[in-house]
Amino acid sequence: MKFATIITIGDELLIGQTIDTNSAWIASTLNSIGIAIKRRIAVSDQWDDIWSALDEESKNADLILITGGLGPTSDDITKPLLARYFNGELIVNQEALDNVVDIFTNKLKRPLLERNLKQAEVPSTCTVIPNKRGTAPGMWFEKEGKIFVSMPGVPHEMKGMMEGYVIPEIQKHFKLNPVLHRTLLTAGIGESFLAELLVPFETNLPSSIKIAYLPNYGMVRIRLTNSDGLEKNILEEQFEKLKALVKDFLVVDRDISLQEHVGEQLIAHHKTLAIAESCTGGYISHLITSIPGSSQFYLGGITSYSNEVKELVLDVPKETLMRLGAVSEEVACKMAEGARHKTGADYAIATTGIMGPGGGTADKPVGLVCVGFSSKEKTTSTVFHFRFDRKRNIELTAIHALDFLRKNMG
C-alpha cells in the first residue's frame with residue numbers, strides 16, 4: 001500500500017473564509033486507485049510553515065500533493081519556495097508562457113501585466129504539468145524516492161491536472177491494487193440502531209473487509225471496503241448479505257445521492273415532477289437540477305414564500321390559509337396539488353414550515369415542517385419536527401421531502 005499526504009496552502013483556509021473541497025476530492029480520487037491518505041493538512045502562507053510541512057510529510061508518505069499558492073500576487077510564495085526546496089531556480093517555461101499569452105490575448109481580450117507573465121515561471125528542477133483550464137502550471141518533483149506534486153488551488157484547474165496528467169503518471173510510477181468499495185443508502189433508521197442490528201454481521205466479516213457507517217441528514221450510508229482490491233467476490237458476497245439484513249430500510253444499493261436515485265426512478269417510469277417550496281426557498285429544486293439529465297423529468301418549481309403567492313399561483317384557498325395558517329398539512333397538500341395542476345406533472349411535492357431562528361409559537365415551534373405529495377391517484381402529507389439551526393433545518397427538510405416523494409411514487 002502506498003501512502004499520500006495532501007497539503008493545502010492558504011490563510012483563507014485556516015480562518016474558514018474558503019472551504020477546502022480540494023482535499024476531499026483528491027482523497028477520494030487517490031483512494032479509488034489504491035493509495036491510502038496518511039494526512040490532510042492546511043498551512044498558512046508562511047515560508048517556514050510550508051517548508052516544515054514538506055519536510056515532515058516526506059517522512060510519512062510516498063506521495064505529497066500540494067494545492068494553492070501559485071497565483072500572481074505577493075502572498076503566493078509556493079513556486080519560489082519549491083525552487084529552493086528542490087535545489088533549482090525559477091525559469092520561464094515556454095509552453096506555460098504561450099498558454100498565458102493565449103488566454104489573455106485571445107480568450108479574455110485583456111492586457112497582459114508583468115505579474116501575469118510571471119505565472120509562466122517554474123522551478124528548473126520540476127516537470128511541468130500543463131494547465132488547460134487556467135494560467136498557473138502544475139509541477140512534478142521527485143526527491144529521495146518520493147513524489148511531490150504542486151497544483152493550483154482553483155478546484156476546476158486542479159481537477160483538470162489530476163485527471164489529465166497526475167493520476168495517469170502515478171499509476172505508471174507505482175504498482176497499485178485498487179481499493180474496492182460497495183456502498184448502500186438507508187433511511188428510517190438511526191446509525192446506532194443500524195450498528196446494533198449488524199453486530200453479528202460485523203463479527204463475522206472476513207478480516208479483509210471493513211465496514212463504515214456514514215450518517216448524514218437523517219440517512220445513513222453503509223460502506224464495505226476491501227483494501228487489497230483482489231478478492232472482489234468476497235466483497236460482493238458480504239454486500240449481498242448486508243443488503244438482506246437492511247432490506248426494510250434500503251433506499252439504493254449504490255453510492256449515489258437520494259436525489260439521483262429519485263431522478264433515476266422518475267426516468268425509468270417515464271414520470272415527471274414539479275415542486276412547490278415555501279420554507280426551503282428553492283433548495284429542493286436546486287438539488288434536483290444539480291443532477292445531469294434532470295430536464296428529462298423535472299418540469300419546474302414554484303417558490304411560494306408568501307401567502308399571496310400560495311393563493312394566487314398555487315390556488316391554495318384563502319380560507320384554508322386564514323383558518324389553519326400556512327404551516328399545516330392541508331396547506332402542504334393544496335400546494336402540491338396546485339403545483340401538479342399548474343405544470344401538468346405526474347407528481348408534485350410541497351414544503352411549508354418554520355425554519356427559525358424566530359417565528360415559532362407554542363403550537364407551531366421552530367423546526368415544524370409539513371410536506372405534501374400529490375399524484376393523480378392520491379394526495380397525502382406528513383409532518384417533521386427538526387431542532388437545528390435554519391440552514392440545517394432547510395437541508396433536512398429537503399432530504400426528507402425527497403424521501404417522502406420516493407416512498408409515495410410507487
Could you walk me through whether D315 and K334 pass salt bridge (charged side-chain N to carboxylate O under 4.0 Å, His left out), step by step? CA-CA 8 Å; D315 296 327; K334 292 298 183 182; over 6 Å; no
Between K59 and D55, does the salt bridge (charged side-chain N to carboxylate O under 4.0 Å, His left out) criterion hold? Intermediate values first, please. CA-CA 7 Å; K59 301 172 186 174; D55 274 347; over 6 Å; no
Would you check, one step at a time, whether the test side-chain hydrogen bond (donor to acceptor under 3.5 Å, both in side chains) holds for E144 with S58? CA-CA 9 Å; E144 298 176 356; S58 63; over 6 Å; no
Could you walk me through whether R254 and E264 pass salt bridge (charged side-chain N to carboxylate O under 4.0 Å, His left out), step by step? CA-CA 12 Å; R254 289 178 294 130; E264 288 181 350; 2.3 Å; yes
Would you check, one step at a time, whether the test side-chain hydrogen bond (donor to acceptor under 3.5 Å, both in side chains) holds for E311 with N307? CA-CA 6 Å; E311 180 184 351; N307 282 359; over 6 Å; no
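Looking at heavy atoms from C-beta onward, I222 lies in side-chain contact with L198 at the 4.5 angstrom threshold. A 4.5 Å side-chain heavy-atom check between F141 and I147 finds every atom pair outside the cut-off. By the 4.5 Å heavy-atom criterion applied to side chains, I9 and D49 are not counted as neighbours. At least one side-chain heavy atom of V327 sits under 4.5 Å from a side-chain heavy atom of L368. Side-chain contact between V101 and N116: absent, with no pair of heavy atoms (C-beta onward) separated by less than 4.5 Å. Inter-residue side-chain proximity for I209 and P206 is flagged as met; some heavy-atom pair is nearer than 4.5 Å. Residues I354 and P365 fail the side-chain proximity criterion, which asks for heavy atoms closer than 4.5 Å. Side-chain contact between I33 and I170: present, with at least one pair of heavy atoms (C-beta onward) separated by less than 4.5 Å.
Surrounding CZ of F193 are at most 12 heavy atoms belonging to other residues, nucleotides or ligands under 6.0 Å away. Heavy atoms of other residues, nucleotides or ligands lying less than 6.0 angstrom from NZ of K364 number more than 12. In K175, the NZ atom is not crowded: 12 or fewer heavy atoms of neighbouring residues, nucleotides or ligands sit closer than 6.0 Å. Dense packing is recorded around NZ of K243, with more than 12 heavy atoms of other residues, nucleotides or ligands lying under 6.0 Å away.
Neither side chain, Y283 nor T351, offers a donor N or O lying under 3.5 Å from an acceptor on the other. Side chains of S28 and N31: no donor on one and acceptor on the other come within 3.5 Å. Side-chain polar atoms of S374 and E337 form no donor-acceptor pair below 3.5 angstrom. A donor-acceptor pair shorter than 3.5 Å cannot be found between the side chains of K210 and N226. Side-chain atoms of N99 and E95 include no donor-acceptor pair closer than 3.5 Å.
R115 places a side-chain N or O within donor-acceptor distance of the main-chain N or O of P72, the cut-off being under 3.5 Å. Between the side chain of Q119 and the main chain of L70, a donor-acceptor pair closer than 3.5 Å is present. For E329 (side chain) and C370 (main-chain N/O), no donor-acceptor pair under 3.5 Å exists by modelled atom type. With N408 contributing its side chain and F404 its backbone, the two residues share a donor-acceptor pair below 3.5 Å. For T280 (side chain) and G282 (main-chain N/O), no donor-acceptor pair under 3.5 Å exists by modelled atom type. Using a distance-only test at 3.5 Å, with no hydrogens or angles considered, a donor-acceptor pair links the side chain of K310 to the main chain of S304. Looking at S290, its side chain does come within 3.5 Å of a backbone N or O of H286 through a donor-acceptor pair. R221 places no side-chain N or O within donor-acceptor distance of the main-chain N or O of L214, the cut-off being under 3.5 Å. Between the side chain of R110 and the main chain of F104, no donor-acceptor pair closer than 3.5 Å is present. Remark: side-chain polar atoms of S381 are not paired, donor with acceptor, to backbone N or O of C333 under 3.5 angstrom.
For the pair K143 and F86, the cation-pi criterion (under 6.0 Å, within 45° of the ring axis) is fulfilled.
How far CD of Q265 is from OH of Y347: 10.0 Å, rounded to the nearest 0.5 Å. With rounding to the nearest 0.5 Å, the separation of OG1 in T125 from CE in M139 is 10.0 Å. Distance check: D346 CG to L266 CG gives 8.5 Å after rounding to the nearest 0.5 Å. The distance from the CG atom of D20 to the OG1 atom of T67 is 6.5 Å, given to the nearest 0.5 Å. With rounding to the nearest 0.5 Å, the separation of CD in E260 from CG in L185 is 10.5 Å. Between the CG atom in L396 and the CZ atom in F388 there is a gap of 6.0 Å [rounded to 0.5 Å].
Between E395 and K391 there is a salt bridge, since at least one side-chain N of the basic residue sits less than 4.0 Å from a carboxylate O of the acidic one. Using a 4.0 Å cut-off between charged side-chain N and carboxylate O, R39 and E57 make a salt bridge. R392 has no carboxylate O lying under 4.0 Å from a charged side-chain N of D389, or vice versa, which leaves the two without a salt bridge. Between K146 and D62 there is no salt bridge, since no side-chain nitrogen of the basic residue lies less than 4.0 Å from a carboxylate oxygen of the acidic one.
Of all the heavy atoms in C279 and I394, the pair that sits closest is O-CG1, 3.9 Å. The shortest heavy-atom contact between K79 and A120 is NZ-N, 4.4 Å. Among all heavy-atom pairs drawn from I284 and L402, the shortest one is CG2-CD2, 3.9 Å. The minimum heavy-atom distance between N204 and P200, with the atom names listed, is ND2-O, 2.9 Å. Across all non-hydrogen atoms, the minimal contact from A187 to R406 is CB-NH2, 4.3 Å. What you find for E202 and Y213 is that their closest heavy atoms are OE2-OH, 2.6 Å.
Paired with V100 under the rule side-chain contact (heavy atoms from CB on, under 4.5 Å), one option of T135, T105, N93 passes, and it is T135. Looking at F384, F373, Y217 one by one, the single match for ring pair (Phe, Tyr, Trp, His ring centres under 6.0 Å) with H400 turns out to be F384.
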